[in-house]
There are 2 protein chains.
Amino acid sequence: MTAAELPQPHRTADVRRPTLNAVAARAGVGRGTASRVINGSPKVSARSRAAVEQAIAELGYVPNRAARSLVTRRTDSVALVVPDAETRLFSEPYFSEIIRGVSAGLAGAGMQLLLVLARDATEYARLATYLSAQRVDGVLMMAVHSDDTLPDRLEELAVPTVLAGRRSAAEPLGHVRADNAGGARVAVEHLLAGGRRAIGTITGPLDMDVARARLDGYREALRDAGLTADEDLIAPGDFTEEGGRAAMRGLLRRRPGLDAVFAASDVMASGAVLELRAAGLRVPHDVAVVGFDDSIVARHVDPPLTSVRQPLQEMGRTMANLLLDEITHRGTGHREVILPTELVVRESA
Amino acid sequence: MTAAELPQPHRTADVRRPTLNAVAARAGVGRGTASRVINGSPKVSARSRAAVEQAIAELGYVPNRAARSLVTRRTDSVALVVPDAETRLFSEPYFSEIIRGVSAGLAGAGMQLLLVLARDATEYARLATYLSAQRVDGVLMMAVHSDDTLPDRLEELAVPTVLAGRRSAAEPLGHVRADNAGGARVAVEHLLAGGRRAIGTITGPLDMDVARARLDGYREALRDAGLTADEDLIAPGDFTEEGGRAAMRGLLRRRPGLDAVFAASDVMASGAVLELRAAGLRVPHDVAVVGFDDSIVARHVDPPLTSVRQPLQEMGRTMANLLLDEITHRGTGHREVILPTELVVRESA
DNA sequence: GTCACCCGTGGGACCGCTCCCACGCGGCAT
DNA sequence: ATGCCGCGTGGGAGCGGTCCCACGGGTGAC
């Protein structure tokens with residue numbers, strides 16, 4: 001790509017590392033046998049195995065990935081793709097925690113994690129070719145939008161792919177998500193149990209499935225309680241604090257008598273709290289607030305937010321496992337895993 | 001490593017991608033010429049160049065990284081190492097923002113970013129060998145402690161390395177850091193300008209350079225104002241909220257007349273605020289508080305915290321650039337870059 | 001005792017690229 | 001005309017692994 005025009009770096013410092021040949025020679029065996037030991041083949045005598053293992057230890061031999069992957073056509077690495085535009089939205093533990101889970105899940109299998117932030121649309125579009133060019137064995141994608149076609153392109157190119165969250169209810173690809181609807185439902189049920197009746201909601205961008213699912217949960221809970229989710233109780237947000245403030249402002253204007261709000265993210269909830277305070281309303285006395293994510297913000301908002309926690313790290317780990325499975329046994333079929341959420345009750349509701 | 005015992009994945013789907021040979025054949029030139037075009041060598045006639053470029057476009061050719069790096073001994077990828085123990089980092093924009101900067105800095109050079117989270121000490125220790133085994137061209141490290149020797153090992157192994165922050169004032173390796181002392185100084189000057197005179201500080205763990213530097217800045221500011229930084233004005237914290245509370249408690253006990261506090265992190269400042277409130281003191285009326293990091297917490301503390309912002313994304317970008325430079329021109333000498341901080345004034349001081 | 005078999009083994013043939021050497025060819029000085 | 005230079009070029013020789021085929025020697029069946 002553009003690298004072509006750049007000055008070429010030196011060759012790496014010529015501290016030549018021992019090769020498989022060196023190991024074999026030192027162990028007094030052939031390359032084949034040494035290779036077998038390294039790859040755990042059972043068809044090696046105990047004697048040879050011991051000799052090779054000793055040689056490896058003495059020489060500090062580490063296999064050359066490039067050479068290996070040239071012939072095996074595997075790279076032992078997977079990419080985690082994050083549209084850069086989204087990262088600011090979740091400067092939250094979300095990103096980090098999922099990564100930790102993914103990393104933990106991959107480490108056991110000796111896989112490397114390639115982090116790919118797609119800056120703009122052009123770059124994003126090129127990604128499919130890029131990723132499929134024997135660069136990675138599989139792809140994990142975060143924050144996929146409904147209209148995102150990159151996953152489809154990857155599927156066409158036969159690149160194993162697992163998504164964090166789904167694009168729509170009919171997601172054809174394997175993915176892992178939290179029980180968003182269930183979580184939202186529990187949040188609203190908590191508000192209902194607290195005697196609240198005029199419950200509004202601040203949603204995420206409705207072109208995202210997470211946002212829609214959380215809205216669905218909100219609706220279900222109200223319906224089950226015999227209430228109707230009037231349209232003017234629903235204010236669209238965008239997962240940002242400012243969006244939360246604006247949405248709250250709208251809700252207050254339309255429904256002055258509101259006594260509770262379920263926000264589809266803590267960040268929006270924190271915006272809502274700021275706006276409520278500005279309007280002279282007390283939380284939770286006048287208006288109760290529940291957020292979603294149980295992010296660090298939740299604990300630091302005044303009052304601390306009641307929020308729905310998603311098992312982020314486990315989601316990451318599960319994504320890694322699904323992907324590894326898909327890589328190992330092609331065409332296992334795309335599976336979806338839904339992990340349970342948990343309501344963390346604090347002072348805001 | 002352990003991968004040896006695992007079941008081996010299939011070979012990648014055999015959608016054989018076009019090779020350089022195919023490109024050369026189609027363009028009617030030799031492999032050498034095709035390679036030259038791809039690598040931007042000037043020694044190619046316009047005619048050949050055009051033919052090759054067309055063939056590349058028609059075939060959708062993308063060079064095989066493994067093959068290339070096998071011979072060049074470069075991988076065109078760098079590792080970002082983060083000790084997993086530093087969960088503290090994860091809860092902040094810190095991590096995400098630096099990554100964004102790093103990613104942006106690397107992208108231009110066609111470099112890949114390998115994310116390596118070291119779970120435990122054993123794994124961390126093995127990292128040096130791991131990273132030096134022609135796996136990456138360079139290493140970026142975050143959250144290095146004073147007693148961390150991994151950087152030294154990497155240097156011995158001739159692996160270009162750049163750190164985020166330094167281990168001590170005598171850091172031999174290239175690194176990028178914020179002007180911690182300067183930032184602290186400005187924070188305290190702001191308190192002085194507000195008429196405060198009995199100014200305490202809550203420090204980070206003093207085995208970390210950041211913490212020491214911020215303490216130094218505090219001292220300098222007081223000294224320049226003709227005040228003395230009595231030892232009982234200095235309370236050691238550990239960058240946690242609870243640590244901040246405890247430190248604040250100690251300060252109040254020793255110095256009931258305190259009228260301001262500079263905390264070396266927002267999280268500690270938020271703890272301090274809680275403690276002040278518990279003691280019946282008002283912020284900023286009775287005691288003004290300034291934090292550090294301008295993290296998301298700062299905006300959500302009540303009252304919102306005045307804080308010192310570090311240019312995280314730029315720090316990431318700078319790290320990437322330093323590393324690229326080190327990779328391209330070996331032995332440029334390890335440089336240090338200090339980026340300016342900025343005081344963000346809110347309501348707490 | 002002979003033969004078929006199996007197990008462990010060595011090593012050749014690649015994988016797809018870059019590097020570099022040698023070569024052809026036109027233009028310029030001799 | 002002859003030589004030399006330098007440019008653009010083709011293609012061989014690896015890079016360090018894995019895969020697989022062929023082979024030696026021990027074993028058991030006949």
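Every chain is numbered from 1, with letters handed out A, B, ... down the list of sequences.
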Participant: For the side-chain contact (heavy atoms from CB on, under 4.5 Å) test, which of B/Val78, B/Leu80, B/Asn321 pairs with B/Leu106?
Facilitator: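 Testing B/Leu106 for a side-chain contact (heavy atoms from CB on, under 4.5 Å) against B/Val78, B/Leu80, B/Asn321 leaves exactly one candidate, B/Val78.
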Participant: Can you check the A/Arg65 CZ to D/dC15 P distance for me, whole Å?
Facilitator: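 That distance rounds to 22 Å.
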Participant: Taking atom C1' of D/dC19 as reference, at what distance in whole Å does atom CZ of A/Arg73 sit?
Facilitator: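 Atom-to-atom, A/Arg73 to D/dC19, this comes out as 13 Å.
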Participant: Which nucleotides of nucleotides 6-14 of chain D have their base under 4.0 Å from a protein heavy atom (B), which only their sugar-phosphate (S), and which neither (-), written as one string 5' to 3'?
Facilitator: --SBBBBB-
Participant: Is a donor on one side and an acceptor on the other found under 3.5 Å between the side chain of B/Glu171 and the backbone of B/Arg167?
Facilitator: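 Looks like yes, one N/O pair under 3.5 Å.
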Participant: Roughly, in whole Å, what's the span from CG in B/Asn21 to P in C/dC15?
Facilitator: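 Those two atoms, CG and P, are 10 Å apart.
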Participant: Between D/dT18 atom P and B/Leu70 atom CG, what is the distance in whole Å?
Facilitator: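 In whole Å, D/dT18 P lies 12 Å from B/Leu70 CG.
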Participant: In whole Å, what is the span from the CG atom of A/Asn39 to the P atom of D/dG17?
Facilitator: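 Those two atoms, CG and P, are 11 Å apart.
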Participant: In plain terms, say whether B/Glu156 and B/Arg153 are close enough for a salt bridge, that is, a side-chain N and a carboxylate O under 4.0 Å apart.
Facilitator: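 Looking at B/Glu156 and B/Arg153, the cut-off is not met.
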Participant: Do B/Ser45 and B/Ser48 get their side chains close enough for a donor-acceptor pair, meaning under 3.5 Å?
Facilitator: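 Side-chain D/A pair, B/Ser45 to B/Ser48: present.
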Participant: If you measure from CE on B/Met141 to NE2 on B/His175, what distance do you get to the nearest 0.5 Å?
Facilitator: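 The NE2 atom of B/His175 is 13.5 Å from CE of B/Met141, to the nearest 0.5 Å.
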Participant: Taking atom C1' of D/dG16 as reference, at what distance in whole Å does atom CG of B/Asn64 sit?
Facilitator: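 My rounded result for the distance is 14 Å.
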Participant: In this structure, how many angstroms lie between the C1' atom of C/dT18 and the CD1 atom of B/Ile38, rounded?
Facilitator: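 The answer, rounded to whole Å, is 11 Å.
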Participant: Please check if the side chain of A/Ser77 supplies one atom and the backbone of A/Met111 the other of a donor-acceptor pair under 3.5 Å.
Facilitator: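 No: the side chain of A/Ser77 does not pair with the backbone of A/Met111.
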Participant: Please report the distance, rounded to the nearest Å, between CZ in A/Arg68 and P in C/dC14.
Facilitator: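 Value for this atom pair: 22 Å.
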Participant: Select one nucleotide: of D/dT18, C/dG16, C/dT18, the one nearest the side-chain heavy atoms of B/Ser35.
Facilitator: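 Among D/dT18, C/dG16, C/dT18, the one nearest the side chain of B/Ser35 is C/dT18.
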